[in-house]
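Here it is, the structure, as C-alpha cells.
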Amino acid sequence: MTSGRPSAPRRAERSRPAVPELIEVETYRRAAEAVVGRTVADVDAPDAWFLKRGASPSLVTDAAAGARVESADRHGKVLLLPLSSGVVLGLRFGMTGRLVVDGGAPIGALEYSSARFDPAWERFGLRFRGGGSLVVSDARRLGGVELDPDTGLLGPDASTITAPQLRCALDGSAAPLKAALLDQHRVAGLGNLLVDETLWRSGLDPARPAGGLDAPEVRRLAGRIRSTVSDLSARGGSHTGDLQDERHRGGRCPRCGEELTRRTLGGRTTYSCPRHQA
DNA sequence: ATTGTGGCCTGCCCGC
DNA sequence: TGCGGGCAGGCCACAA
C-alpha cells in the first residue's frame, strides 16, 4: 500500500484483548496459585475437542478427581498443574483462552465487555472439594488441555533467557529471526506481539536469517527479550508495547515516524521499521 | 533434517 | 440496517 494519506484511520481507542503470551500466562499462573493445596472434586470437560493428545474426559477425570494440586508452574505459554496423582495437567490458552479462578472475573476481564464471557465458552474446569473452581474459557477453542505435556520439547523460557541460550537457539538456522523467535521449541513464551516489539526495540530486521546474528547482536537481543517481557509485564500485558498502536496498515514508527513495513513472516503479520531495524 | 504453508476455530470489524 | 468477507494468531499436520 502506498502512503500519501497521513495514515489509516486510527483504530478505535477501545482496548484490545490481551493475547495470552508468556506475560498473560504468568498472570494466570499467579491466579492459579490460589488453588494449590486443594483437592479436585470433579472435572468438567464439556468439550472433548479441547482435550489434546489422546486425553479424554474419563482419562482426565481419572487423573485429577481426588488428587491435590501440588503447585502452579509455567513454561513458556503452558500452565502446568502437577497433581498428587503424579499426572501433570497442561493448560494452553491459544489466542483467546482465559483463566477463571473461583468464579471471579477472568484475568484480563477489564479488557473486555461483559458479553465476551459467554458461559458457552467454558471448555474445561476443575471443581474443588470445599468449593471453588478453575475454569478455562476460550471462545475460539484454540487452546487445549493435555496430560503430562513434554516441556522438554520447549526452549528456554523467554523471561530468563541468557545470551548463550539464545545463541544456541538461533545458531545455524536459516529461518527468519521472526519465525525462529516464535518457534516454541527454540524459545518458549514469545508470541507475535512480543516478538515484533522486541525486534523493534532491538533494531533488528525480523527477516534477518536467525543464524546470521553476530555475538554482540545476540547479546543485545537476549537482553531485549528479557527487558521487554519485564517492561510489558509491568505495564499490564503483551499488548502494551510501544509499537502496538501502530500495528495497522499505514502505521508509523513511534521512534522516527517512518511508515512501518507490513509483511508476513513466520506465518504471522509482522510490522517493522525499515529505517532503523536492520 | 529444516523451513514454509495452510487449516483449525469463531468473534468481530469493516465495507457494501 | 443487515450481511458477509476477511482478519486475528497459537499450534499442529503436512508439504517441499
Side-chain angles (χ1 to χ4, degrees), chain A residues 1 8-25 28 46-55 74-79 90-99 106 108 111-124 136-146 149-151 153-155 158 168-197 206-212 237-239 241 243-251 262-271:
Chain A
M1 146 191 297
R10 200 150 209 264
R11 236 167 235 258
E13 278 304 315
R14 147 190 122 54
S15 19
R16 293 201 195 182
V19 176
E21 302 188 30
L22 178 159
I23 292 172
E24 286 71 29
V25 179
Y28 297 168
D47 186 356
W49 191 90
F50 206 70
L51 305 178
K52 308 298 183 184
R53 288 178 160 243
R74 179 190 61 78
H75 192 125
K77 303 175 194 173
V78 186
L79 178 60
L91 274 47
R92 296 175 191 272
F93 298 90
M95 183 182 167
T96 53
R98 307 280 143 170
L99 193 69
E111 304 287 338
Y112 292 86
S113 68
S114 57
R116 276 184 165 265
F117 296 100
D118 193 312
W121 297 344
E122 295 186 4
R123 310 298 178 188
F124 180 82
V136 177
S137 171
D138 184 2
R140 294 270 298 279
R141 301 170 82 206
L142 286 168
V145 174
E146 65 181 294
D150 187 354
T151 54
L153 295 176
L154 298 171
C168 178
L170 302 181
D171 238 16
S173 172
L177 200 43
K178 171 72 180 262
L181 293 176
L182 283 174
D183 183 350
Q184 302 299 299
H185 302 99
R186 297 179 190 274
V187 178
L190 300 180
N192 201 35
L193 301 181
L194 276 176
V195 170
D196 275 10
E197 179 75 12
R208 284 267 300 276
S238 52
H239 63 305
L243 208 53
Q244 185 66 26
D245 285 348
E246 299 300 324
R247 290 182 58 86
H248 58 81
R249 286 182 172 83
R262 180 190 191 271
R263 56 191 154 170
T264 299
L265 285 172
R268 295 292 162 252
T269 303
T270 300
Y271 290 90

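Values reported hereafter were calculated over all heavy atoms of this structure, with side chains retained and with hydrogens, waters and symmetry mates removed. Just so it is clear: chains get the letters A, B, ... in the order the sequence lines come, proteins before strands, and each one is counted from 1.
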Distance, rounded to the nearest Å, where A:Arg186 contributes CZ and B:dA1 contributes P: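 So the CZ-P distance, A:Arg186 to B:dA1, works out to 13 Å.
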
Protein-nucleotide distance (A:Leu265, atom CG; B:dG6, atom C1'), rounded to Å: 17 Å

Heavy-atom pair with the smallest gap, counting every atom of A:Asp138 and A:Gly97: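 Taking A:Asp138 first and A:Gly97 second, the nearest heavy atoms are OD1-N, 3.6 Å.
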
Nearest-neighbour nucleotide for the A:Val19 side chain, C:dA8, C:dG10, B:dG4 considered: C:dG10

More than 12 heavy atoms of other groups within 6.0 Å of A:Arg53 CZ: no

A:Met95 CE - B:dC12 P separation (whole Å): 12 Å

Between C1' of B:dT10 and CH2 of A:Trp49, the distance in whole Å: 11 Å

Among B:dC9, B:dT3, B:dG11, the one nearest A:Ala174 by side-chain distance: B:dT3

Spacing between A:Leu177 atom CG and B:dT3 atom C1', to the nearest angstrom: 15 Å

Touch class at under 4.0 angstrom, heavy-atom based, for A:Arg141 against every strand present: sugar-phosphate

Side chain of A:Pro176 - closest among C:dG10, B:dG4, B:dC8: B:dG4

The single option from A:Lys178, A:Arg268, A:Glu197 passing side-chain hydrogen bond (donor to acceptor under 3.5 Å, both in side chains) against A:Asn192: A:Lys178

Dump the pairs, protein N or O against N or O of nucleotides 11-16 of chain C, anything under 3.5 Å, distances to one decimal.
residue, atom, partner, partner atom, Å
C:dC11, N4, A:Arg268, NH2, 2.3

Taking every non-hydrogen atom, the tightest pair across A:Tyr271 and A:Arg249: OH-N, 3.7 Å

Length of the CZ-P vector between A:Phe50 and C:dG10, whole Å: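 After rounding, the reported distance stands at 15 Å.
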
Intermediate values then yes/no, side chain to side chain contact (heavy atoms under 4.5 Å, CB included), A:Trp49 and A:Arg141: CA-CA 8 Å; A:Trp49 191 90; A:Arg141 301 170 82 206; 3.3 Å; yes

Selection from B:dC9, B:dT3, C:dC7 that lies nearest to any side-chain heavy atom of A:Arg249: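 So the side chain of A:Arg249 is nearest to C:dC7.
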
Side-chain N or O of A:Thr96 closer than 4.0 Å to phosphate OP1/OP2 of B:dG11: no

Spacing between A:Leu193 atom CG and C:dA8 atom C1', to the nearest angstrom: 10 Å

A:Leu22 and A:Arg74: CA distance, side-chain angles, deciding distance, side chain to side chain contact (heavy atoms under 4.5 Å, CB included) verdict: CA-CA 9 Å; A:Leu22 178 159; A:Arg74 179 190 61 78; 3.3 Å; yes

Toward the 5' end of DNA chain B, by each residue's nearest nucleotide, A:Arg140 or A:Ala175: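 Looking at DNA chain B, the more 5' nearest nucleotide goes with A:Ala175.
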
Pair A:Leu194-A:Ile23, side chain to side chain contact (heavy atoms under 4.5 Å, CB included): steps then yes or no: CA-CA 9 Å; A:Leu194 276 176; A:Ile23 292 172; 3.9 Å; yes

